[in-house]
Amino acid sequence: DSNPVKRVQDDPVSTFSIDVDTGSYSNVRRMLNAGRLPVQDAVRVEELINYFDYDYPVPGNSSTPFSVTTEIGPSPWNENTQLLNIGIKAYEVAAQDIPAANLVFLIDVSGSMQSADKLELLKKGMKLLTRQLRASDRVSIVVYAGASGVVLEPIPGNERFKINQALDQLTAGGSTTGAAGIRLAYEVAQSAYIEDGVNRILLATDGDFNVGTTDREQLIDLVET
């Protein structure tokens with residue numbers, strides 16, 4: 001839905017998302033490059049705006065979590081109103097100060113993932129991600145389709161050749177037994193757990209699970225446990 005115009009007298013409070021998503025810009029660009037107009041639901045205005053770097057001043061230290069930049073000017077469509085632009089820039093943690101990461105890629109390799117804009121695109125994206133990882137980080141890969149398995153045991157994040165080799169061998173086929181994959185991913189994550197680190201399972205899938213545990217609430221309970 002379009003963002004409605006709100007009266008400050010009636011709605012004096014406005015909120016900012018601290019989690020900046022930039023996905024819509026890439027999605028819209030992909031559709032335009034394919035020669036078609038983006039579908040309406042692909043266009044989220046805040047994700048288009050957040051894609052760009054506005055060179056806002058960065059806070060000097062962590063005691064100031066974010067800086068605020070404001071600019072006000074006349075509205076081009078109503079001479080009786082003004083527009084206020086508010087920009088927020090968070091404090092940037094130095095790369096060497098970021099906690100070590102334990103990342104488990106849990107990848108759906110079922111038959112529905114067999115297209116250039118699914119599994120193949122995912123593999124390219126994960127290769128880009130691993131370029132930013134360090135020797136102190138850990139990476140592992142778990143896959144699931146008709147069955148689940150470990151493709152790559154936890155290794156240092158800077159061993160890019162082994163990571164890329166494991167990604168390159170992935171192919172799509174079979175049904176989607178995601179719950180078993182989730183359980184196995186947590187076992188792998190636990191085996192490489194980093195105390196006070198960033199321990200995450202990154203689930204990549206194009207749809208619902210259709211084999212094994214498929215009830216949404218049961219899957220949520222599994223993850224919470």
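Positions are given from 1, in the same order as the sequence printed here.
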Identify whether [X] and [Y] are in the same connected component of the hydrophobic contact network (ILVMFWY, side-chain heavy atoms under 4.5 Å).
X: Leu133; Y: Leu202; result: yes
X: Phe161; Y: Ile155; result: no
X: Ile49; Y: Val43; result: yes
X: Val28; Y: Phe52; result: yes

Passes side-chain contact (heavy atoms from CB on, under 4.5 Å), Val109 versus Tyr144? Steps please. CA-CA 6 Å; Val109 291; Tyr144 66 89; over 6 Å; no
Test of understanding: with salt bridge (Lys or Arg N to Asp or Glu O under 4.0 Å), list the residues that count as partners of Asp53, not counting sequence neighbours.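 Residues passing salt bridge (Lys or Arg N to Asp or Glu O under 4.0 Å) with Asp53: none at all.
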Closest non-hydrogen atom pair between [X] and [Y], with its separation:
X: Ile163; Y: Ile141; value: O-CD1, 4.4 Å
X: Thr69; Y: Pro57; value: OG1-CD, 3.4 Å
X: Ala204; Y: Leu122; value: CB-CD2, 3.4 Å
X: Ser140; Y: Val188; value: OG-CG1, 3.3 Å
X: Leu119; Y: Ala172; value: CD2-N, 3.9 Å
X: Thr64; Y: Tyr91; value: O-CB, 3.7 Å

[atom1] ([X]) with more than 12 external heavy atoms under 6.0 Å:
X: Leu128; atom1: CG; answer: yes
X: Gln169; atom1: CD; answer: yes
X: Glu71; atom1: CD; answer: no
X: Lys127; atom1: NZ; answer: yes
X: Glu79; atom1: CD; answer: no
X: Tyr54; atom1: OH; answer: yes

For Trp77 and Leu83, run side-chain contact (heavy atoms from CB on, under 4.5 Å): C-alpha distance rounded to whole Å, both residues' side-chain angles, the deciding distance at 0.1 Å, then the answer. CA-CA 10 Å; Trp77 58 80; Leu83 297 179; 3.9 Å; yes
Assess whether side-chain contact (heavy atoms from CB on, under 4.5 Å) is satisfied between Ile182 and Leu106, documenting all intermediate values. CA-CA 7 Å; Ile182 291 177; Leu106 176 56; 3.8 Å; yes
The criterion is side chain to side chain contact (heavy atoms under 4.5 Å, CB included); which residues satisfy it with Ile98, sequence neighbours excluded?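 Once residues adjacent in sequence are excluded, the partners of Ile98 under the side chain to side chain contact (heavy atoms under 4.5 Å, CB included) criterion are Val93, Arg134.
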Pairwise side-chain contact, [X] with [Y], heavy-atom cut-off 4.5 Å (strictly under):
X: Leu32; Y: Pro38; result: yes
X: Arg138; Y: Ile194; result: yes
X: Glu159; Y: Thr130; result: no
X: Met31; Y: Val39; result: yes
X: Val143; Y: Phe105; result: no
X: Tyr51; Y: Ser24; result: no
X: Pro59; Y: Pro65; result: no
X: Leu103; Y: Asp137; result: no

Would you give the length of the straight line joining atom [atom1] of [X] to atom [atom2] of [Y], rounded to the nearest 0.5 angstrom?
X: Glu153; Y: Ser191; atom1: CD; atom2: OG; answer: 7.0 Å
X: Tyr186; Y: Ile201; atom1: OH; atom2: CD1; answer: 4.5 Å
X: Lys118; Y: Thr205; atom1: NZ; atom2: OG1; answer: 9.0 Å
X: Asn158; Y: Gln132; atom1: CG; atom2: CD; answer: 14.0 Å

The test is side-chain contact (heavy atoms from CB on, under 4.5 Å); show your working for Ile72 and Thr70 and say whether it passes. CA-CA 7 Å; Ile72 194 167; Thr70 60; over 6 Å; no
Has the side chain of Arg160 got a donor or acceptor atom that lies under 3.5 Å from a matching backbone atom of Arg131?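 Such a contact is found between Arg160 side chain and Arg131 backbone.
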Please check if any side-chain donor atom of [X] sits under 3.5 Å from a side-chain acceptor atom of [Y], or the reverse.
X: Asn27; Y: Arg30; result: yes
X: Ser112; Y: Asp206; result: yes
X: Arg44; Y: Tyr25; result: no

Please say which of Leu167, Val142, Leu203, Val151 ends up in a side chain to side chain contact (heavy atoms under 4.5 Å, CB included) with Ile107.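 Of all the options given, the one that passes is Leu167.
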